[in-house]
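Here the structure comes first, spelled out in structure tokens, and everything after it is commentary.
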Amino acid sequence: MKSNIIIVLIILALVFSCKKKEEAKVNYTDENSGTVFREKLSNQKLMDSLEKLVLYSGDTLAYNQLKGIHYMGEQKLSGLLYYSLIMSNKYHYKRASYDVYDILTYDEKAVDEKTKKMANEYLDMSK
């Protein structure tokens with residue numbers, strides 16, 4: 001009799017412990033990633049905080065987030081060079097040195113010899 005009660009309790013425990021799991025919901029949006037990053041680029045509070053972390057602390061995570069926003073927000077050439085130079089020269093961050101090279105050599109047809117020489121110096125610093 002005791003064993004029957006134990007078996008019934010175990011079966012009840014198993015039945016009630018099994019809950020139907022919710023399916024993972026996927027959010028779809030009409031916005032593309034460029035739109036999202038352009039919105040971040042226009043978020044002055046976010047940009048100010050990232051810029052301060054980069055300029056005054058050499059925060060590599062903030063730099064990479066700032067870089068992602070500039071790249072995806074289509075401001076790679078006009079917005080990131082300054083921060084890349086600071087991170088490379090002041091904090092000796094090798095990835096930023098490569099970014100300087102990448103930005104300066106973006107359009108090889110437009111690059112003069114002096115700029116190409118400077119870009120190659122930053123490429124060497126990135127190694």
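Residue indices begin at 1 and follow the sequence shown. The basis for the numbers below is simple: all heavy atoms, side chains too, and nothing from hydrogens, waters or symmetry mates. The shown structure was predicted, so the numbers you read here are calculated from the model rather than taken from an experiment.
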Give, for atom [atom1] of [X] and atom [atom2] of [Y], the distance between the pair rounded to the nearest 0.5 Å.
X	Y	atom1	atom2	result
E51	L66	CD	CG	6.0 Å
S84	I103	OG	CD1	4.0 Å
M87	H92	CE	NE2	11.0 Å
D102	S97	CG	OG	12.5 Å
L50	H70	CG	NE2	8.5 Å
Q65	M47	CD	CE	9.0 Å

Quiz item: Mind checking what makes side-chain contact (heavy atoms from CB on, under 4.5 Å) contact with A119, not counting sequence neighbours?
Solution: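 Partners of A119 under the side-chain contact (heavy atoms from CB on, under 4.5 Å) test: Y101, L104, T105.
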Self-check item: All side-chain contact (heavy atoms from CB on, under 4.5 Å) counterparts of L55, not counting sequence neighbours
Solution: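 Counting only residues at least two positions away or on another chain, L55 forms a side-chain contact (heavy atoms from CB on, under 4.5 Å) with Y82, Y83, I86.
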Quiz prompt | Exercise: identify the closest heavy-atom pair between S88 and A96 | solution =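 Shortest heavy-atom contact: N-CB, 3.8 Å.
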Quiz item: So, for K94 and K127, which heavy atoms are closest and what is the spacing to 0.1 Å?
Solution: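 In terms of heavy atoms, the two residues are closest at NZ-O, 2.5 Å.
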Do [X] and [Y] land in one hydrophobic cluster if side-chain heavy atoms of ILVMFWY residues count as linked below 4.5 Å?
X	Y	value
Y93	Y71	yes
Y63	L85	yes
Y56	V54	yes

For a quick test of your reading: what N or O donor-acceptor pairs under 3.5 Å do the side chains of residues 109-117 make, sequence neighbours left out?
unit_1: D112; atom_1: OD1; unit_2: T115; atom_2: OG1; d: 2.8
unit_1: D112; atom_1: OD2; unit_2: K114; atom_2: N; d: 3.1
unit_1: D112; atom_1: OD2; unit_2: T115; atom_2: N; d: 3.1
unit_1: D112; atom_1: OD2; unit_2: T115; atom_2: OG1; d: 3.3

Quiz prompt | Qualifying residues under ring-ring contact (aromatic ring centres under 6.0 Å, His included), relative to Y122, sequence neighbours excluded | solution =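 Partners of Y122 by the ring-ring contact (aromatic ring centres under 6.0 Å, His included) criterion come out as none, since no residue qualifies.
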Self-check item: Residue list, side-chain hydrogen bond (donor to acceptor under 3.5 Å, both in side chains) with D48, at least two apart or on another chain
Solution: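 For D48, the residues satisfying side-chain hydrogen bond (donor to acceptor under 3.5 Å, both in side chains) (neighbours in sequence not counted) are Q44.
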Quiz item: Who passes side-chain hydrogen bond (donor to acceptor under 3.5 Å, both in side chains) against S126, sequence neighbours left out?
Solution: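 With sequence neighbours excluded, S126 shows a side-chain hydrogen bond (donor to acceptor under 3.5 Å, both in side chains) to no residue whatsoever.
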